[in-house]
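What follows is one structure encoded as C-alpha cells, with my remarks underneath.
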Amino acid sequence: MNVEQLLKEEIKKAFRNLFDTEMALDQVNLQPTRKEFDGSHTFVCFPFAKISKKNPEETGKMIGAYLSEHSDAVKSYNVVKGFLNITLTDKVWISVFKAIWNAENYGFLPPSGKEVMVEYSSPNTNKPLHLGHLRNNFLGYAVSEILKANGHKVQKVQIINDRGIHICKSMLAWQKFGNGETPESTGLKGDKLVGNYYVRFDREYKAEVAELAKKYAQEEEAANLDPQTLKKEIDRKNKEGEPLTETEKEQLKLAKPLLEKAEKNAPILLEAQALLKRWEAKDPEVYQLWMQMNAWVYEGFEDTYTQMGVNFDKLYYESDTFLLGKDEVLKGLDAGTFFRKDDGSVWVDLSEEKLDEKLLLRSDGTSVYMTQDIGTAILRFRDFPNIAQQIYTVGNEQDHHFKVLFAILKKLGYAWAEECFHLSYGMVDLPSGKMKSREGTVVDADDLMQEMRNTAAERTQELGKIEGFTEQQATELYDTLGMGALKYFLLKVDPKKRMMFDPEESIQFQGNTAPSIQYTHARIASILRKAKQLGLVMEEDDLKDIDKLEEVESDIIYTLNDYVHKLKEAAKEYSPAVIAQYTYELAKSYNRFFQEVPIFKESDEAKLKFRIAFSSVVGETISKAMGLLGIKVPDRM
RNA sequence: GGCCUCGUAGUUCAAUGGAUAGAAUAGGUGUUUCCUAAACAUUAGAUGCAAGUUCGAUUCUUGCCGAGGCCA
C-alpha cells in the first residue's frame, strides 16, 4: 500500500466536496512534516488559497476537518500558518510495515528493461591512484549499484589511458636510470615503481630545462639571467601576493620565451617524443617495454581495486581505440562534418552549438584526447547495442571537454549522443589546497586505505570490542570499518561539489559516519541473535494484536517506507549522497528507539515479537542501503 | 580577457521556492544495576554584500566581492 497515494486521493476528494474543484493527483504536493510539529505529512495550503477562496489557514482547517471526519487513515491534524500537518493512525503504519515486511525484495525495483553503461576510474598508467581516484571509483561504483537497484541493467567499464607521451616518459626514465629494476627486485607495487620513474623523468627534465634556458640566456648576451630560478621566485611572489620589482618584470619578459624554448627542446623530452613515434610505428623493442611496464601497472591497480571493492564488466584500452577515433574523424572529414586547415590539422566548427572550434587531429596526423574519446564512445555502442545511455564519471575540470564530445557525436549523426551524460564531480581538496603530484601533496590511495584500517584497529582495540574474535575476523572487521568510514566520508557529500579532506580530522568514527551506522547494525544483529536463542519469531497474525505504536516506531516506519523514494531520487540525481544521508537518518532514529523502548522487557508478546521483526527490517534496510554505497555492515563490533 | 562551478554555525556537510535554516564535529551539562555508551538526552552557535521577482528566497534574476576550474 502506498500511503502518499492514499492521502493524495483523500485530499483530492476533499477538494471536490469542499470547493467543487477537480484536482490532478500530481498537483497535490505532500512534504514530510518537520519534527517540531505533530504529524508525518504536510500539505502546503498557500498555492490553493485561490481555489478555495479562503485564506491558507482556513483552507488547511477545512481540509483537515474533512479528512479526519471522512478518512480512516487520518487520526488528527493541525494547521500552523497555512501548513496542514496530518497525523495518520497507527493502524495505517502497521499495515505499511506489514507490506514492507512481507515484500519479497524490498528496496529493489522490478526490471526496467533499460540498460546503461557507467564508466569510472579510467586512470593514466604512469602514476599510482590517489585520493581523487578514490572519490571517482566509489562514486562510479555506487551510482552503478543504485541504478541496478532501480531495475536497470548496468555495464561497468573503464578506459585505460595506456598510451601517449606520459607513459613514454616513465619508459624512458626506466631505460636510462632503471638498471633493470622490476617490482620483484624492488618489492614495490608495479604502479608505484612506474610512478617513481615518471617522477624521475620530471626531475631530469626540469634540470635540463634550467640548464638549457641558462645557455640560451648566454647566447642572447644576458649571461647573468637564470630563467628557471627567476620564474620560481616570481611564481612564489605571485602566490603570496608580494609585488614584483621593476627589474623582475623586465627580466621576466626576457626569460619567458627562453624558458618556453627550453621546455620544448630539452633533450630528454625529445627522446620521449621519439619513443612515442617508435611506439606508434610498433617498433618491437619499444612495444615490448611498453607491454612490460603496463603489465606492472595493471597488476598494481588490480590490487588497489580489490582493496577498494570495485570491479568492471569490461575494460577498454586507449591503445585499442585511438585508431578507430582517427578513422571516424577522417570519415567525418570526407562527409564534410569536419574541415582541414592549411597546416593539415583537422578541426570541427561548433559555433552553432555556442562552442568554438576544436582540434581533432594535429597537423602531423597524431590524435588528441578528443579523437580517441570519439572512437571509444562509438566502439562501446557497437559492443553493447542495447545500452540506452552512457555515463562518464569524470572530474568537473572536464566539463567543457564532454560538452564538446557530445556535440561532436551528435554532429556525426549518432542519436544516442543525446543520452550521454557526464557525471561530473568536484575535486577533493586538502587543507594545503589542491593536490599536486609535482609538489608531492598527493594522498596515495593505498596508503590512505591502509591508514584507515589501522585507525579502525586502534579504535576497536581501545574500546575493547574484539573479545572472542579470531585473528581473521578481527582483520575483516578493521577492513569493514576503515573502508566503510572512507567510502562514506567521500560519498555523503553531493558529488557535484568540491569537498575538503583533512587527513587528521576526516578519520572519525562518531556521528555521521559509516562506523556509527555500522554500529547500529551490529546492535540490531545482537538483538536478533538473542531473539533466535529465545525462539521468538513474529507471525503475520501477531500484527493484528497491535493497535498502538510508540511515536518513534511510526517515525521509523515512515522512514522505512521512504526508502524507495530515496532510491529513485538517488538514481535521478546520480547521487549516492542521498542514500548516505538517508541511511544515517534511519540509523539515528533507530538508536533513539533502542534507547527509549525496551524490547525484551516487553510483557506483551505480540509487541515483543513485533519489535524484533521491526528491528530486523531496519537492519536489513541499513544493510541494503550501505550495500549500494559499497559499504559492508558487521554483525558484531 | 571569455565561459562554467561554488560562497550556509569555529570546522566538515544538509535543506523539490515553504514553517523557528537541519546534522555532525569541536565546546557546556547530563545518562551505564537495563537488548553493545562507536549510543542517547540537553545547551550554545551560520545563509559573503546589495538590489529585484512574490503570499513566501539559502534556492530564481542582476550587480559587486571572494574561491576554484576550463578555453586561449
Side-chain angles (χ1 to χ4, degrees), chain A residues 29-37 42-47 49-50 55-57 60 79-85 354-359 395-404 424-427 429 431 433-434 456 459-460 462-465 467 481 484-485 489 491-494 496-502 504-506 508-531 533-534 552 565 569 572-573 577-578 580-582 584-585 587-602 608 611-612 615 634-637:
Chain A
N29 212 343
L30 291 172
Q31 46 187 268
T33 303
R34 306 180 68 123
K35 39 180 153 162
E36 61 262 39
F37 303 107
T42 293
F43 180 69
V44 184
C45 302
F46 296 88
K50 277 181 193 153
N55 67 41
E57 189 81 8
V79 180
V80 183
K81 289 197 222 161
F83 293 86
L84 169 63
N85 301 319
K354 288 183 184 159
L355 301 158
D356 44 11
E357 295 182 350
K358 180 77 197 171
L359 175 71
N396 64 8
E397 70 271 19
Q398 307 270 7
D399 283 356
H400 183 73
H401 176 84
F402 280 99
K403 258 189 219 162
V404 173
S424 165
Y425 65 90
M427 216 166 269
D429 279 323
K434 198 183 158 179
R459 190 64 54 89
T460 307
E462 268 170 35
L463 291 172
K465 295 245 180 185
E467 272 174 50
L481 297 179
F489 184 86
L491 289 174
K492 75 174 171 188
V493 180
D494 181 346
K496 291 194 283 291
K497 292 195 173 172
R498 70 180 8 235
M499 67 181 293
M500 173 68 80
F501 185 89
D502 184 336
E504 299 298 314
E505 286 185 18
S506 299
Q508 281 179 1
F509 288 76
Q510 277 135 347
N512 189 358
T513 65
S516 167
I517 297 168
Q518 289 166 321
Y519 177 68
T520 306
H521 184 267
R523 276 173 146 185
I524 291 172
S526 171
I527 287 170
L528 298 180
R529 277 194 298 273
K530 186 162 174 183
Q533 261 177 15
L534 299 172
V552 60
H565 301 145
E569 189 189 334
K572 194 169 152 249
E573 303 290 324
V578 171
Q581 300 293 349
Y582 169 84
Y584 181 62
E585 284 306 314
K588 204 168 135 75
S589 319
Y590 186 84
N591 283 336
R592 191 154 56 88
F593 164 80
F594 186 91
Q595 198 80 16
E596 285 175 8
V597 183
I599 295 179
F600 292 103
K601 275 186 171 177
E602 177 59 55
L608 167 61
R611 283 178 190 160
I612 290 164
S615 300
D635 283 339
R636 286 189 299 158
M637 65 182 274

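Order of the sequence lines sets the chain letters (A, B, ...), proteins ahead of strands, with each chain counted from 1.
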- NA contact type, A:Pro56, heavy-atom cut-off 4.0 Å: base, sugar-phosphate, or nothing? nothing
Quiz item: Using atom P of each nucleotide, how far apart are B:A15 and B:U8 to the nearest Å?
Solution: 14 Å
message: Just to be sure I understand the rule, does A:Asn85 reach a base, reach only the sugar-phosphate, or reach nothing, if contact means heavy atoms closer than 4.0 Å?
response: base
Check every strand shown and say whether A:Asp429 touches a base, only sugar-phosphate, or nothing at a heavy-atom separation below 4.0 Å.
nothing
Mind checking if A:Phe37 touches a base, just sugar-phosphate, or nothing, with heavy atoms under 4.0 Å? base
Centroid distance below 5.5 Å plus an interplanar angle below 30 degrees: do A:Phe83 and B:G18 meet both conditions? no
* Return no unless some side-chain N or O of A:Arg529 is found under 4.0 Å from OP1 or OP2 of B:U36. => no
Practice problem: Check step by step if side chain to side chain donor-acceptor pair (under 3.5 Å) holds for A:Asn591 and A:Arg523. | Solution: CA-CA 9 Å; A:Asn591 283 336; A:Arg523 276 173 146 185; 3.1 Å; yes
Item to complete: State whether the side chain of A:Arg529 and the backbone N or O of A:Asp635 hold a donor-acceptor pair below 3.5 Å, judged by distance alone.
Response: yes
Mate of B:G56 across any strand shown (Watson-Crick or G-U wobble, both atom pairs under 3.5 Å) is none
Between B:C70 and A:Lys358, is there an OP1 or OP2 to side-chain N/O distance shorter than 4.0 Å?
no
#### Entry: Separation between the C1' atoms of B:G63 and B:A46, rounded to whole Å
24 Å
*Record whether the side chain of A:Asn591 comes under 3.5 Å of the base of B:A38 through a donor-acceptor pair of N or O atoms.*
no
Re B:U36: Watson-Crick or G-U wobble partner, both distances kept under 3.5 Å, found to be none
Base, sugar-phosphate, or nothing for A:Met637, non-hydrogen atoms under 4.0 angstrom? base
In Watson-Crick or G-U wobble terms, with both distances under 3.5 Å, the base opposite B:U47 is none
query: Think A:Arg34 has a side-chain N or O under 4.0 angstrom from the OP1 or OP2 of B:A19?
result: yes
Handout entry: N or O in side chain of A:Arg498 less than 4.0 angstrom from B:U5 OP1/OP2
Key = no
*asked:* Is the phosphate of B:A24 approached by A:Lys588 (side-chain N or O, under 4.0 Å from OP1 or OP2)?
replied: yes
Partner of B:G7 under the Watson-Crick or G-U wobble criteria, both distances under 3.5 Å, comes out as B:C65
Checking N1-N3 plus N6-O4 or O6-N4 for Watson-Crick, or N1-O2 and O6-N3 for wobble, each under 3.5 Å, the partner of B:A21 is none
Review point. Is there a donor and acceptor pair closer than 3.5 Å between the side chain of A:Thr520 and the base of B:A39?
Key: no
Does A:Lys465 have a side-chain nitrogen or oxygen under 4.0 Å from the phosphate oxygens OP1 or OP2 of B:A38? yes
Practice item. In whole angstrom, give me the gap between the P atoms of B:C40 and B:U59. Key: 32 Å
Answer for the Watson-Crick or wobble partner of B:G2, both distances under 3.5 Å, is B:C70
### Task
Look at the side-chain N and O atoms of A:Lys497 and state whether any lies under 4.0 Å from the OP1 or OP2 oxygen of B:A14.
yes
| With a 3.5 Å cut-off and just heavy-atom distances, do the side chain of A:Thr460 and the base of B:A38 make a donor-acceptor pair? | yes
| task | Using a cut-off of strictly less than 4.0 Å, decide whether A:Ser516 has a side-chain nitrogen or oxygen near OP1 or OP2 of B:A38. | result | no
Pairing partner of B:U16, by Watson-Crick or G-U wobble and under 3.5 Å for both distances, is none
Does the structure show A:Tyr519 stacking with B:A39, if we require the centres to be closer than 5.5 Å and the planes to be within less than 30 degrees of parallel?
no
### Task
Select base, sugar-phosphate, or nothing to describe what A:Thr42 touches, counting heavy atoms under 4.0 Å on all strands.
base
